[in-house]
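Structure first, then comments.
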Amino acid sequence: METSTIRIAIRKLPDQFDRSRITTVLDEIECALMDDGGVYVRAYADSMTITIEVPTNQLIDAAACLKDIGLV
């Protein structure tokens, strides 16, 4: 299965996300995409970026869901 990658700068997260608890943010993103968009993703972070790996055939669904929660 082919995957696409979405990257989000941690410093640009909306205020509703607690930047000091990045593992919680990752869980929230994964749950929102699964529950609202039906998209199973893998999210992880380094010190500056959140990376979300999405099956390419569900990229549009993932982008729409991320837009709904204010991340894109």
Only pairs under 3.5 Å count here: list side-chain donor-acceptor contacts from residues 19-32, not counting sequence neighbours, and write none if there are none.
from, atom 1, to, atom 2, distance (Å)
R19, NE, I10, O, 3.3
R19, NH2, L13, O, 2.3
S20, OG, D18, OD1, 2.6
S20, OG, D18, OD2, 3.3
E30, OE2, A43, N, 2.9

Sequence neighbours left out, cut at 3.5 Å: what donor-acceptor pairs do the side chains of residues 51-72 make with other protein atoms?
from, atom 1, to, atom 2, distance (Å)
E53, OE2, Y44, OH, 3.0
T56, OG1, E2, O, 3.4
T56, OG1, S4, N, 3.4
T56, OG1, S4, OG, 2.9
Q58, NE2, G38, O, 3.4

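The CZ atom of R42 sits 14.5 Å away from the CG atom of L33 when rounded to the nearest 0.5 Å.
Grouping Ile, Leu, Val, Met, Phe, Trp and Tyr residues whose side-chain heavy atoms lie under 4.5 Å apart, directly or via other members, places M34 in a hydrophobic cluster with Y40.
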